[in-house]
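Written out below as structure tokens is the structure these notes cover.
These figures come from a predicted structure and were not determined experimentally. Below, chains carry the letters A, B, ... as their sequence lines are ordered, and counting in each starts from 1.
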2 protein chains.
Amino acid sequence: MDLDLRKLRYFVAVADRLHFGRAADELHIAQPVLSRQIRALEQDLGASLFTRDRHGVALTDAGRQLLADAGPLLASAHAVRRRVSMAARGSRRLMVGFRAGIPVIPAARAFEARHPDVVVDVQRIEWDDQAPMLLDGRIDVGYVRLPIDEAGLRVTPLYTEPRVAVLPAGHRLAGKEEVTEADLAGEPLVWHADPSTQPTRRPHPNAGYLVRGVDETLEHVAAGRGISFLARSATVFYSHPEVIYMPIPDLAPDQVCLAVAASRTSPVVDDFFTAAQATAEITAECGNYEMWQLGSDAVSKHG
Amino acid sequence: MDLDLRKLRYFVAVADRLHFGRAADELHIAQPVLSRQIRALEQDLGASLFTRDRHGVALTDAGRQLLADAGPLLASAHAVRRRVSMAARGSRRLMVGFRAGIPVIPAARAFEARHPDVVVDVQRIEWDDQAPMLLDGRIDVGYVRLPIDEAGLRVTPLYTEPRVAVLPAGHRLAGKEEVTEADLAGEPLVWHADPSTQPTRRPHPNAGYLVRGVDETLEHVAAGRGISFLARSATVFYSHPEVIYMPIPDLAPDQVCLAVAASRTSPVVDDFFTAAQATAEITAECGNYEMWQLGSDAVSKHG
DNA sequence: CCGTGGTGATACCCTGAAGGCATCACCGGA
DNA sequence: TCCGGTGATGCCTTCAGGGTATCACCACGG
């Protein structure tokens, strides 16, 4: 009748490894048990999920379908459990995630005016975290940057902001007002986990260091390992003496969105959503006022 | 460890009725069993879900939170099971739901050009069905009309279309070119399940008949029980000898959106989504060409 | 004041599913 | 041919889920 989430979790383990023994080991159960559970799941669903023949274990069509669906479902279940725990310990607390450079304060103020009893908690998130943290409930709502995997999320665009190029201080273009994409055509890129720092090209996968977060990016750029791109607002909050920022107007702007787990239905979250949309312009401004007036003078400030 | 969906279903039954005995009856289990399952769930979650005191059963904060989350989660689980069954029986089949008056053919054609192996199945849906059918997987993607409960869905606007007033043939305004909202201020409304037919006012809940679907609406309007409003495209597909349609330009237009269950992540569905967005203008046109040219001449045609 | 009906909780039993261990059947490679 | 490694089976134990009977509690009417 009801899907058994334990069996589903077992299934995912087997599907990931295509190997019953190792999956059982990972799950800390005996292999025969796992074999039986999978068979039971297949019987319950009325569909065979794996083909077990001489050449090992492989997924069937139904198995592929189930694997695609199982992850989000298990994440939702996990999120439910987490939220109930929160509600039980009476913590009227809204966890808001935000990507570097996006100020949450305006929306939080507007929201707390309507919900004085709810504490707004903020937490920095990185690109590779933004979707999972929403899905499993570690954050209730997130200020994210595209691209993002929208599966299981409700994503609403808020505003865009221009990108800037991140160059080492001694770069050959350091004195210019602004640069174009063409100017930087031959430059190596710092390989960042976040694709938004590589808006038009991807470095070779084995090209070099994989970095995560703005601070590390700056460090690598300063070390001359490559250049990168950032949303302009991030430059307000991060600087590095050996790094300069430079407008690059012909690059497509960065899209900031608001996202919640789609399975999430709560008036509190909706109200924050509304507050965030109402204060979107103010939020966008915050990234503006420093850098925009300085323009390329930022070079002298940071350089 | 894993949430038990059976217990969750039991919990919803109790939470809906706030009565263990009747919930147990509904679930076809004995009341003591239900008591124990709920206690087990509470222990599993580490939170009490109900307060049971002299004045009966009531939800705690944690219980309210769980009730809000349980429905979507159970629906997702159901949808997963359904999709696996589909995949198992090898049916490369995409179920597309659509509200009255929205032609699916253009998008289906564009989609089938890219996916010759997938059969596009279409199914009419009503307002009160549109969200549940997406959530539990009876349809994979839906052409819906606002308002819709977006919880658990990904909703993307496609286009808008003007509304028309639906009047009985002998109505005092029957000869006019068009009407305004003010002209109809005093008129009773046919109480339709779909709020989009009552864009600005709601009839009194006990005012009269509750109807569902365009055909019934026309019947009731013809019988003089009230007037109604429809998206213009619906008038292309439905007519009634005793009913006339009349443009009402000052009414906010009807918003047609594309929706999928947010937990759904599938390239096939994504491709249909793309196809539908690409053909949105054509789709909008289909509702246009007959009524728009006729204008108020539709009176003479249908009247 | 005391029954009485209705509520959810508890006690006790039985069945079946989930876990473990030992073992089998099968296959590819030395 | 044997052997290592795979998943499947058989058999046992434990415990969760189901049932019935009953208790404890409370509101209410006589």
Side-chain angles (χ1 to χ4, degrees), chain A residues 1-60 62-64 66-67 70 73-74 77 81, chain B residues 1-60 62-64 66-67 70 73-74 77 81:
Chain A
M1 176 87 204
D2 301 287
L3 212 52
D4 186 339
L5 293 189
R6 178 197 285 131
K7 292 194 181 75
L8 202 58
R9 184 164 50 87
Y10 289 179
F11 164 79
V12 171
V14 177
D16 281 347
R17 297 167 183 69
L18 294 177
H19 192 291
F20 279 73
R22 279 190 277 280
D25 198 35
E26 185 70 23
L27 295 168
H28 302 109
I29 60 173
Q31 169 266 319
V33 176
L34 185 55
S35 273
R36 257 182 323 192
Q37 295 291 352
I38 297 296
R39 288 217 100 88
L41 180 61
E42 289 177 315
Q43 195 162 4
D44 176 43
L45 293 173
S48 79
L49 302 169
F50 296 104
T51 58
R52 304 100 151 146
D53 56 9
R54 42 224 165 272
H55 306 89
V57 177
L59 282 165
T60 63
R64 264 185 293 279
L66 185 60
L67 182 59
L73 188 64
L74 291 170
R81 159 164 265 148
Chain B
M1 175 86 204
D2 302 287
L3 211 51
D4 186 338
L5 293 190
R6 177 196 286 133
K7 292 193 179 72
L8 202 58
R9 185 164 51 86
Y10 289 179
F11 164 79
V12 171
V14 177
D16 281 346
R17 297 168 183 69
L18 294 177
H19 192 291
F20 279 74
R22 280 191 275 280
D25 198 34
E26 185 69 23
L27 295 168
H28 302 110
I29 59 173
Q31 169 266 318
V33 176
L34 184 55
S35 274
R36 251 186 331 197
Q37 297 291 355
I38 298 296
R39 288 218 102 87
L41 180 61
E42 289 178 315
Q43 195 162 6
D44 176 44
L45 292 173
S48 79
L49 301 169
F50 296 104
T51 59
R52 304 99 152 147
D53 56 7
R54 42 228 163 268
H55 304 90
V57 177
L59 282 165
T60 62
R64 263 185 294 278
L66 185 59
L67 181 58
L73 188 64
L74 291 170
R81 160 164 265 148

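A donor-acceptor pair under 3.5 Å is absent between the side-chain atoms of Gln31(B) and the main chain of Ala23(B), judged by distance alone.
Among the atoms of the strands shown, only primed sugar atoms or phosphate atoms (P, OP1, OP2) are found under 4.0 Å from some heavy atom of Arg6(B). Contact annotation for Ala30(A): backbone-only contact, meaning every heavy-atom pair under 4.0 Å involves sugar-phosphate atoms and none involves a base.
Proximity of Phe50(A) to Thr60(A): side-chain heavy atoms (C-beta onward) are nowhere separated by under 4.5 Å.
Of the two residues near DNA chain C, Arg52(B) and Asp4(A), the one whose nearest nucleotide lies more 5' is Arg52(B). Of the two residues near DNA chain C, Tyr10(A) and Gln31(A), the one whose nearest nucleotide lies more 5' is Tyr10(A).
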Side chain to side chain contact (heavy atoms under 4.5 Å, CB included) assessment of Leu45(A) paired with Arg81(B): CA-CA 7 Å; Leu45(A) 293 173; Arg81(B) 160 164 265 148; 4.0 Å; yes
Check against side chain to side chain contact (heavy atoms under 4.5 Å, CB included), Leu5(A) and Leu5(B): CA-CA 7 Å; Leu5(A) 293 189; Leu5(B) 293 190; 4.0 Å; yes
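Nucleotides of DNA chain D that come within less than 4.0 Å of any heavy atom of chain B span, from the 5' end to the 3' end, dG17(D) to dA27(D). Nucleotides of DNA chain C lying under 4.0 Å from heavy atoms of chain B occupy a range whose first and last members, 5' to 3', are dT7(C) to dC12(C).
Checking each of Arg52(B), Arg36(B), Lys7(B) against Glu42(B) for a salt bridge (Lys or Arg N to Asp or Glu O under 4.0 Å) leaves exactly one that passes, namely Arg52(B).
Between Ser48(A) and Ala62(A), the closest heavy-atom pair is O-CB, 3.9 Å. Of all the heavy atoms in Phe11(B) and Leu41(B), the pair that sits closest is CB-CD2, 3.7 Å.
Pairs of residues two or more places apart, or lying in two chains, that qualify as salt bridge (Lys or Arg N to Asp or Glu O under 4.0 Å) and include a residue from residues 10-20 of chain B are Arg17(B)-Glu26(B).
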